[in-house]
Amino acid sequence: HEQGPPGSPGGYKILVSSKSQEWTVSISVTFSGGRNGIKGESGASDDDPTSDVVSHYSSASENASVLEEGGEPVDEQTAQEEIEDKLKQCIDNLMDKSAKTRLAALESLKQAFSSKLLSDFLRTRQLTLSDCLERSLRKGSGEEQAAAAYVSAQFCVQLCAGDSSEDCFTVLRHTLGTILSDTCASMVARQSCAVALGMCCYVSAAEDAEDLLKTLRNLECVFTSSYPNNEGVLPALKPGASRLHCAALQAWALLVTLCPASHVRTLLDLHLPKLQACLESNDVNYRIAVGETIALLFELGRDNDQDFLYDDSDTLCECLKCLAKDGNKHTAKNDRRKQRSIFREVLHYIENEDFTEEKIRFGTEVLYIDSWMRRRIYDAFKEVLESGVRHHLQHNELLRMIFELGPPLVLDSSVKANKLSRVEKHLYNSAAFKARTKLRNKVRDKRADVM
């Protein structure tokens, strides 16, 4: 390292090697302080135990593949204990009198539950966390209720299928349903409760027909308010209502995949004509959700009855064709592109019974999305687990059971040893980028000489 005047760049030369390759990377770093030489302050305190749970998790997830300078592997047990200590503090903070502290704890738990599997740790604190979440849902502000609802959904996924998740759903079901049905509650909170209610019921009440039907009715009461009236006119909705209806409809569609064939036929007769009318909605996201739900209902109808026919299929196909070619300039360009893409797929399936297969890669495995039902289930878990959905596909037994992936894979040590760490990947990419830039600059210089 060569040190220049204050504020000037210094140079580092780093040697990175693997079993097969060696790279030398030069990095320039400028050392400077904040305004007047004072380090800038962040929004969270360094002493706040809930503020660094997320970063702690991201580093802990890589410890298995990163070696320290001495060549010794990082102690995973110690890292896990530190993480659990942070989480214990977050759970304690859920009982704090300060709304700001409770909200920060919920956000930290939300990120932690997404990024790592914590089933064993959470089962020992199930009652405590369930009570804390219920308290936040009953007494918190709209923002706190929304965060608590999402954490509730993740909590049920973490507990996996079985008595633990059923007990959690039993504690939270009534409160989630009450907020969802309360027209005076925050729209954001109601939307999150719709997502949580659908996911918790899907995970916990798959074999309980009574709980399933009750939850379906709760969700129907929300999104059916967007159905046309007796004169066929769509109602004018309050601001934010379309997002709520969208969340309720998608949660309802998730639970419909669990219904017996006899009930599916009843739902088809009742909802298909009304959903078709909702394709005329002014909200593009709600139109897309309606289109995907129609495709799912057609798929379930055909799976249960090979001779399934929809009486007004010609009119439906004409409407879908219009949406697949929609060029309305009042809609954002990305929204138009997404709508056309989705409705082309929906139209193609309804006319030809053909689904465009997708591949979801995670680790060394691949998940095939080959039906509207699998897509709805995957999208629901993706919404709840966000960027951590691939980690849970690798390690969460519940998701692996639902998607028929078998037991979690145990990678051979040689496979792990050959895998580059994130630091090595970054330095390799930096070296490759620098070499590519030099080569291109030489070519540009020759072009300049010719001209």
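Basis for what follows: all heavy atoms, side chains included, without hydrogens, waters or symmetry-related copies. In this chain, numbering begins with 1 at the start of the sequence shown.
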For a quick test of reading the model, state the closest non-hydrogen atom pair linking [X] to [Y] and the distance between them.
X: Val256; Y: Val264; value: O-CG2, 4.3 Å
X: Thr215; Y: Asp211; value: OG1-O, 2.8 Å
X: Glu299; Y: Ser371; value: OE2-CB, 3.3 Å
X: Glu351; Y: Cys317; value: CG-SG, 4.0 Å
X: Leu94; Y: Arg102; value: O-CD, 3.2 Å
X: Phe169; Y: Cys200; value: CD1-CB, 3.5 Å

More than 12 non-hydrogen atoms from neighbouring residues, nucleotides or ligands closer than 6.0 Å to CD on Glu357, yes or no?
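Correct, the count exceeds 12.
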
How about [X] and [Y]: do any of their side-chain heavy atoms sit closer than 4.5 Å?
X: Val389; Y: His392; result: no
X: Ile377; Y: Phe403; result: yes
X: Leu296; Y: Thr257; result: yes
X: Tyr349; Y: Arg344; result: no
X: Trp252; Y: Thr293; result: yes
X: Glu397; Y: Pro407; result: no

With a 3.5 Å cut-off and sequence neighbours excluded, list the donor-acceptor pairs that the side chains of residues 182-189 form with protein atoms.
{"unit_1": "Asp182", "atom_1": "OD1", "unit_2": "Cys184", "atom_2": "N", "d": "3.0"}
{"unit_1": "Ser186", "atom_1": "OG", "unit_2": "Val188", "atom_2": "N", "d": "3.3"}
{"unit_1": "Ser186", "atom_1": "OG", "unit_2": "Ala189", "atom_2": "N", "d": "3.4"}

Among residues two or more places apart or on two chains, list those pairs meeting side chain to side chain donor-acceptor pair (under 3.5 Å) that have a residue in residues 283-292.
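Counting only pairs at least two positions apart or across chains, the side chain to side chain donor-acceptor pair (under 3.5 Å) contacts touching residues 283-292 are Ser226-Tyr286, Arg287-Gln339.
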
May I have all residue pairs that pass side chain to side chain donor-acceptor pair (under 3.5 Å) and include part of residues 129-141, sequence neighbours excluded?
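Residue pairs passing side chain to side chain donor-acceptor pair (under 3.5 Å), neighbours aside: Ser136-Glu144.
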
Roughly how far apart are [X] [atom1] and [Y] [atom2], rounded to 0.5 Å?
X: Leu258; Y: Met373; atom1: CG; atom2: CE; result: 9.0 Å
X: Ile350; Y: Ile294; atom1: CD1; atom2: CD1; result: 6.5 Å
X: Leu213; Y: Asn218; atom1: CG; atom2: CG; result: 11.0 Å
X: Leu347; Y: Leu320; atom1: CG; atom2: CG; result: 5.5 Å
X: Leu176; Y: Gln145; atom1: CG; atom2: CD; result: 10.0 Å
X: Ile179; Y: Leu137; atom1: CD1; atom2: CG; result: 4.5 Å

Short side-chain to backbone donor-acceptor contact, [X] and [Y], under 3.5 Å:
X: Ser204; Y: Ser165; value: yes
X: Ser115; Y: Ala112; value: yes
X: Thr128; Y: Arg125; value: no
X: Asn229; Y: Gly232; value: yes

With [X] via side chain to side chain donor-acceptor pair (under 3.5 Å) - residues at least two apart:
X: Arg337; answer: Asn334
X: Asn352; answer: His348
X: Glu143; answer: none
X: Asp314; answer: none

Pair up each side-chain donor or acceptor in residues 267-280 with any protein partner under 3.5 Å, not counting sequence neighbours, and list the distances.
{"unit_1": "Asp269", "atom_1": "OD1", "unit_2": "Arg265", "atom_2": "NH2", "d": "3.2"}
{"unit_1": "His271", "atom_1": "ND1", "unit_2": "Tyr227", "atom_2": "OH", "d": "2.8"}
{"unit_1": "His271", "atom_1": "NE2", "unit_2": "Glu220", "atom_2": "OE2", "d": "3.4"}
{"unit_1": "Gln276", "atom_1": "OE1", "unit_2": "Tyr310", "atom_2": "OH", "d": "2.7"}
{"unit_1": "Gln276", "atom_1": "NE2", "unit_2": "Asp312", "atom_2": "OD2", "d": "3.3"}

Per the salt bridge (Lys or Arg N to Asp or Glu O under 4.0 Å) rule, what does the pair list look like for residues 362-383, sequence neighbours excluded?
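Pairs touching residues 362-383 that pass the test: Glu345-Arg375, Glu358-Arg375, Glu365-Arg400, Asp370-Arg374.
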
Taking 4.0 angstrom as the limit, do [X] and [Y] come out as a salt bridge?
X: Lys321; Y: Glu318; value: yes
X: Glu82; Y: Lys86; value: no
X: Arg302; Y: Asp305; value: no

Which donor-acceptor pairs under 3.5 Å do side chains of residues 151-160 form with protein atoms, sequence neighbours excluded?
{"unit_1": "Ser152", "atom_1": "OG", "unit_2": "Ala148", "atom_2": "O", "d": "2.7"}
{"unit_1": "Gln154", "atom_1": "NE2", "unit_2": "Lys110", "atom_2": "O", "d": "3.2"}
{"unit_1": "Gln154", "atom_1": "NE2", "unit_2": "Val384", "atom_2": "O", "d": "3.0"}
{"unit_1": "Gln158", "atom_1": "OE1", "unit_2": "Leu118", "atom_2": "N", "d": "2.7"}
{"unit_1": "Gln158", "atom_1": "NE2", "unit_2": "Phe113", "atom_2": "O", "d": "2.7"}
{"unit_1": "Gln158", "atom_1": "NE2", "unit_2": "Lys116", "atom_2": "O", "d": "2.8"}

Could you give me the CA-CA distance, side-chain angles and deciding distance for Gln89 and Asp85, then say whether side chain to side chain donor-acceptor pair (under 3.5 Å) is met?
CA-CA 6 Å; Gln89 185 62 54; Asp85 288 341; over 6 Å; no

For Leu180 and Leu219: C-alpha separation, side-chain torsions, deciding distance, then whether side chain to side chain contact (heavy atoms under 4.5 Å, CB included) applies.
CA-CA 8 Å; Leu180 176 64; Leu219 294 167; 3.8 Å; yes

Test Cys201 against Leu197 for side chain to side chain contact (heavy atoms under 4.5 Å, CB included), laying out the working first.
CA-CA 6 Å; Cys201 184; Leu197 198 59; 5.7 Å; no

Could you walk me through whether Leu399 and Leu385 pass the side chain to side chain contact (heavy atoms under 4.5 Å, CB included) check?
CA-CA 11 Å; Leu399 270 71; Leu385 298 173; 4.1 Å; yes

Contacts under 3.5 angstrom, residues 233-249 side chains, donor-acceptor by atom type, not counting sequence neighbours:
{"unit_1": "His245", "atom_1": "NE2", "unit_2": "Val222", "atom_2": "O", "d": "3.4"}
{"unit_1": "His245", "atom_1": "NE2", "unit_2": "Ser225", "atom_2": "OG", "d": "3.1"}

Carefully, step by step, assess Phe308 and Leu297 under the rule side chain to side chain contact (heavy atoms under 4.5 Å, CB included).
CA-CA 11 Å; Phe308 169 77; Leu297 293 176; over 6 Å; no

Excluding sequence neighbours, so at least two apart, what forms ring pair (Phe, Tyr, Trp, His ring centres under 6.0 Å) with Phe355?
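Partners of Phe355 under the ring pair (Phe, Tyr, Trp, His ring centres under 6.0 Å) test: Trp372.
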
